[in-house]
Amino acid sequence: MSERFCYRCGISEREGGPLIEGLCQVCYRKENPVLLIENEINTELCQNCGSYKRRGVWVDPQSYELEELIFEVAENALLEALEDSFSDKIREYEVVPPEELEETEEIPLGRAVVAFEPVGYHIEYFPAIITYEVRVKARTHELQKELHDERKRVTVYVRQTVCPRCQKFLGGYFEAILQVRAEDRPLTEEEREAIGKLVEEKVDEIMRRDRMGFIQDTIEKEEGLDFYMGSTSAARKLAQAIKERFGGKISEAYELVGMDRQTSREVYRTSVSVRIPKFQRGDIVTDRRGTVYEVERVDGKGMTLRNLSTGKSEHKDWKTLGREGVNTVEHEESEAMVTSIGRDEVQLMDMESYETYEIEKPGVELTEGDVYRVVSVKGKRYIRGRKEEEK
Ligand SMILES: [Zn+2]
Ligand SMILES: [Zn+2]
């Protein structure tokens with residue numbers, strides 16, 4: 001039998017074999033490198049919001065701390081570049097910490113194990129430059145006595161740009177207007193503040209999923225608030241959140257704002273309106289049967305009403321309130337002192353006119369000599385509460 005030799009270096013099979021595809025062990029590994037990654041990778045991050053492209057899609061970073069952010073962006077670019085930089089003899093690969101790779105001695109055929117670590121960087125200004133040492137171990141042939149063990153230095157350049165979302169934001173773009181109003185009255189200061197806070201919280205939440213969910217501008221109007229939003233769906237979500245907190249109705253309108261020159265399609269802008277109920281804490285209301293209540297609380301589900309005849313409070317949902325015809329009612333307010341308490345009625349003296357009058361005894365405890373707030377609805381008087389309880 002004749003001895004075989006490596007066609008590349010001439011070593012005998014006895015010394016350098018077994019030969020693989022006519023090559024000795026060393027030449028086989030040299031001729032069949034597994035790591036084909038480029039020496040340089042370019043990537044970018046948005047200088048306005050810190051986002052960067054992951055598999056072609058702009059995503060928000062995990063860290064906004066500049067140093068961590070730059071490493072996050074660079075590593076992402078390196079990992080993506082690794083994905084298509086193995087020879088076609090590698091069917092799958094795994095990224096592991098460098099120490100783990102160091103200890104790896106056996107790998108199944110067609111597999112690679114890769115690790116990387118930064119070996120030099122300057123990130124004080126852009127482009128930030130980070131050099132990684134990438135090391136890979138792999139097996140591509142069953143006759144291999146030793147694994148492939150390759151190292152390569154890869155430099156990642158991180159440049160600044162402005163992402164498409166921020167280009168739109170900085171250019172004043174908006175897609176929808178969210179209008180927050182109250183029925184039949186302007187929004188109160190208290191409501192404006194509460195809505196502003198709610199919107200702020202909710203937008204943070206929305207932006208985690210919808211990068212266009214930004215607020216371009218907030219306009220304070222006499223009657224309410226207008227939020228100029230980057231996305232219609234974000235405007236809808238906000239309207240829903242406001243409705244859940246304050247109650248009310250949501251409606252939408254579309255306005256033709258122009259023509260897209262590229263697609264020659266009409267461009268519409270959506271107005272999402274949320275109209276919160278006119279009721280406020282402290283309002284005097286009646287239902288269809290003429291029962292008089294004070295509004296104690298207004299929320300997304302309905303209102304808590306205190307019956308001024310019985311003194312009892314009850315929460316009713318919006319549907320029930322609508323069905324019972326609950327509405328604000330004209331009334332006069334006065335103050336009166338309880339002068340005597342009978343079995344079924346109470347005598348009071350008006351604090352301004354000193355007129356005395358009697359009313360049906362309400363379901364609340366009264367004290368002779370104390371001054372109470374009285375409301376008069378359609379000529380009938382009700383005790384609303386003790387004077388010093390006034391808020
Ligand atoms: Zn050889
Ligand atoms: Zn951006």
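Counting starts at 1 for both ligands and their atoms, following the listed order. Only a predicted model underlies this, so the values are computations on that prediction, with no experimental measurement involved.
The angle Cys49:SG - the Zn ion (ligand 2) - Cys163:SG amounts to 110°, with values rounded to 10 degrees. Here the angle centred on the Zn ion (ligand 1), running from SG of Cys9 over to SG of Cys27, is 110°, rounded to 10°. The angle that Cys46 SG and Cys166 SG make at the Zn ion (ligand 2), rounded to 10°, works out to 110°.
Here the side chain of Lys145 pairs a donor or acceptor atom with the backbone of Gly17 at under 3.5 angstrom.
Residue pairs meeting the salt bridge (charged side-chain N to carboxylate O under 4.0 Å, His left out) criterion with at least one partner in residues 9-21, sequence neighbours excluded, are Glu3-Arg14, Arg4-Glu13.
Ring geometry for Trp318 versus Phe279: interplanar angle under 30°, hence parallel rather than tilted (30 to 60°).
A cation-pi contact links Arg381 to Tyr357, judged by a cut-off of 6.0 Å to the six-membered ring centre and 45° from its axis.
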